[in-house]
Every structure is written in structure tokens, then in C-alpha cells.
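Here, residue 1 is the first one in the sequence, and each next residue gets the next number. All figures in this text were calculated on a predicted structure; none of them were measured in a lab.
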Amino acid sequence: MSTHAAASASMPAADFEQHRPRMFGIAYRMLGSAAEAEDTVQEAYLRWSAADRDAVRHPGAWLAKVVTHLCLNTLASARVRREEYVGPWLPEPVLTSGGALGPLESAEQRDSVSIALLLLLERLTPAERAVYVLREAFAYSHRDISALLDLTEANCRQIHRRATARIAARPPRRPRFAPDPAQWHGLVDGFLTAARGGDLARLEGLLASDVQYVSDGGGVVGSARRPVVGRSNVARFGIGVLEKYVTGVPVTSAEINGAPALLFGDRGVLLIDFEDGLVRNVLAVVNPEKLEFLRRQLSHSRGLSGPAW
């Protein structure tokens, strides 16, 4: 292949890579799965490589439309898979301190990738989810969204209002404020010390009365098939889980989906929400299939995890 031909062949790939982060960000927010988002982006690349470049006036818009429609197709069958999923379903955790999901400098940007919001998005129709993500996370105008989804602008506005209302009507279980890193570290240290030491009374004192523990093992590893609710139940369950599954496993912290989280080696991720100094929500992702993307991120991003316990 001549130098000119090789350069021409590399141009589509170079153009695509420029837009890859946004394409992955759209796909992940719409699907809640890093693995499916990667597959979607790869399929978009294949279509991009085969497209008539002269017919593509705005590569970013063209790719956003392809990715969005691929996600809509995936979501059409995802509901059935969710219904067949063993135990609670949680989104795949993603390490965000390296910019994998774009800039997360504001509270709104961090919220757009939070596990709590991604769970709420599961309650929307595919069209509602697409409009909401494009509008709220990427600030696309309703005119641009209408072009991406092949809908009228008025219809997109109506869908956005409906999606926003449905999310507002079902507020996620999350704290009214997020503790600063030092405060979070101190609260987690107390939680882990009590749980590891089997100090039931102390641990119960650190939990809110309506605390909830949700674990996603997908039927692949042992985990609670239903949410564990209540101070006493969560305390006993947490002590048992730590003793049985993670004794001797190194524990570090990292920014996962825009918030601090605990990493138990490569066995699982624990996200702990505090409210008024008490644990209100514990989400555990231990399905190894859902940790594969995070493992790859960590293997290439040493130094992005926090201190060990």
C-alpha cells in the first residue's frame, strides 16, 4: 500500500477516535453496561468505516445518531434480560477519575453517571431514556435530538418533560449531601472497623433505621437475591459477608461513577451512601462479568485508587 493510500485509510479511524469518548459516554449512560457500550461503539466504528465519507457532513452528529439508534435496539431486548436476571440488577461500575465518561467537574455532571440515576433511567422507555441522556448529560438541543432520533422537535420536548417528571416522581435513595473525601474516609473507616471486628452493636449505631443493602451477583457468585433492609438485618448480613468472602482481601478506594467507593481486590465494588453521618444505602457489585471493564481500567491506571484499609 502506498504512503498516500495508507494515510487515506487511517483518516476514518483518526476521525472516529476524536469522537470515541462521547460515543462511549452516550452508550454507557443509555445502557448502564460498559461491556454493551464498548460493543456499541465498535459496531458504530464498523458502520463508520463502511460509510460514504462524502455523504457525512458532520461526523460527530452522524456517529451520535448511529450510537443512539444502536442503543435503542439494545434497550428493546434489555428489558427481557433484566427480568430474567438472577437477583437485583445494578449498572456496571466504571472508574471515572481518569475521564472515561467525560468531565465530571460539577455536581450535575457527576450525577449524570451516578449509580442512583442510572437505576432510575431503567424505569424509562427507551425513547425517554435517549432524550433524557442527550439533553441532560450532553446538552443537545431539542432540535438536534429530533434529528438524531428522527422525531419532531415538539415530540422530543414532550418526551423530555415526561421523562423528567417520571424521574422526579421516584427520587433515588441518595444523601441530600455528599461528604467531602476526608469525612467520607472517616465514616467508611468506622464502618469497616465495626464490620471486620464483628461489633454488631457498634455497626448498628452507624446505620440509618431504613438502611438498605443491595447486592448484584447475577447468580454467578453468592449474594443476596433480594435487598436487605433495616439496621439489624444489614448489620448482621454485612458482618457475615465480610467474614465469609473478603477476609484478607485488600481494600482500597477509588472514584466509581463520580463518587468514592471501596474496591475489595478484584472481587467486588462497594458504594456506601451516608446521610447525617449514618449509612443509608449500600450497593455491592460482585458479579465478575460486570467487573471486567473496571479490572481493565485499573490494570492500566495504577495510582488512581486511593488509600488502603
Side-chain angles (χ1 to χ4, degrees), residues 16-17 19-49 63-64 66-102 104 112-124 126 129-130 133-134 137-138 214-221 223 254-259 261-271 283-301 304-305:
F16 182 87
E17 290 304 318
H19 299 284
R20 179 184 288 273
R22 171 164 289 217
M23 298 308 100
F24 180 80
I26 290 173
Y28 175 76
R29 287 168 174 85
M30 285 192 62
L31 302 173
S33 165
E36 290 180 347
E38 283 190 308
D39 290 343
T40 298
V41 172
Q42 179 60 27
E43 176 61 27
Y45 176 71
L46 295 177
R47 298 190 181 196
W48 169 255
S49 300
L63 287 167
V66 169
V67 166
T68 300
H69 280 271
L70 287 171
C71 288
L72 289 172
N73 292 338
T74 300
L75 287 172
S77 60
R79 193 172 300 278
V80 174
R81 295 198 304 275
R82 300 281 196 274
E83 292 173 352
E84 297 174 347
Y85 195 79
V86 179
W89 181 93
L90 294 174
E92 290 184 22
V94 173
L95 184 70
T96 49
S97 51
L101 296 176
L104 301 178
S112 76
V113 297
S114 69
I115 297 296
L117 181 63
L118 292 175
L119 284 172
L120 282 178
L121 293 179
E122 287 292 306
R123 299 182 177 129
L124 303 182
R129 187 162 185 165
V133 166
L134 292 170
F138 295 94
V214 179
S215 181
D216 179 345
V220 180
V221 298
S223 64
E255 182 187 292
I256 301 294
N257 288 73
L262 294 175
L263 307 178
F264 288 83
D266 62 353
R267 297 187 182 183
V269 173
L270 200 69
L271 296 103
L283 302 177
V285 181
V286 293
N287 182 344
E289 296 173 0
K290 288 192 172 185
L291 298 172
E292 182 56 38
F293 183 80
L294 177 61
R295 290 194 189 101
R296 284 191 278 119
Q297 283 186 297
L298 291 170
S299 69
H300 294 102
S301 307
L304 290 180
S305 59

(message) Would you say that L119 contacts L90 through its side chain, given a criterion of any heavy-atom pair below 4.5 Å between the two side chains?
(response) yes
(request) State, yes or no, whether a side-chain contact exists between N257 and P93 at a heavy-atom distance under 4.5 Å. (result) yes
(message) I need the L271 CG to S114 OG distance, nearest 0.5 Å.
(response) 10.0 Å
(message) Between L270 and F264, is there a side-chain heavy-atom distance shorter than 4.5 Å?
(response) yes
(request) Tell me, please, which residues at least two apart from T74 pass side-chain hydrogen bond (donor to acceptor under 3.5 Å, both in side chains). (result) none
(message) Students often mix this up, so state it plainly: with edges at 30° and 60°, are the rings of Y45 and F16 parallel, tilted or perpendicular?
(response) perpendicular
(message) As an exercise, state the distance from CG of D39 to OG of S33, rounded to the nearest 0.5 Å.
(response) 8.0 Å
(request) Considering non-hydrogen atoms only, spot the tightest contact between M30 and A130 and give its length. (result) CE-CB, 3.6 Å
(request) Please check if the side chain of Q297 supplies one atom and the backbone of V94 the other of a donor-acceptor pair under 3.5 Å. (result) no
(message) Just verifying a value: how many Å separate L31 CG and T40 OG1, rounded to the nearest 0.5 Å?
(response) 5.0 Å
(message) Would you compute the distance between atom CG of L75 and atom CD of E122 and round it to the nearest 0.5 angstrom?
(response) 7.5 Å
(request) Search all heavy atoms of L101 against all heavy atoms of G25 and return the closest pair with its distance. (result) CD2-CA, 4.4 Å
(message) I'd like to check L291 versus V269 (side-chain heavy atoms, cut-off strictly below 4.5 Å). Are they in contact?
(response) yes
(request) Any chance you could measure E38, atom CD, to F293, atom CZ, to the nearest 0.5 Å? (result) 5.0 Å
(message) Show the nearest heavy-atom pair for residues I26 and V67, with the distance to one decimal.
(response) CG2-CG1, 4.2 Å
(request) Heavy atoms only: give me the nearest G217-Y85 pair and the separation to one decimal. (result) C-OH, 4.5 Å
(message) Restricting to side-chain hydrogen bond (donor to acceptor under 3.5 Å, both in side chains), what partner residues turn up for E17, sequence neighbours left out?
(response) R20
(request) State, yes or no, whether a side-chain contact exists between I256 and L263 at a heavy-atom distance under 4.5 Å. (result) yes
(message) Working to the nearest 0.5 angstrom, can you tell me the gap between D266 CG and E292 CD?
(response) 10.0 Å
(message) Can you give me the closest heavy-atom contact between V133 and R29, atom names plus distance?
(response) CG1-CB, 3.8 Å
(message) Are L70 and R47 packed together at the side-chain level, in the sense that at least one heavy-atom pair is separated by less than 4.5 angstrom?
(response) yes
(message) Looking at every heavy atom in both G258 and T96, which two are closest together, and how far apart are they?
(response) N-OG1, 2.9 Å
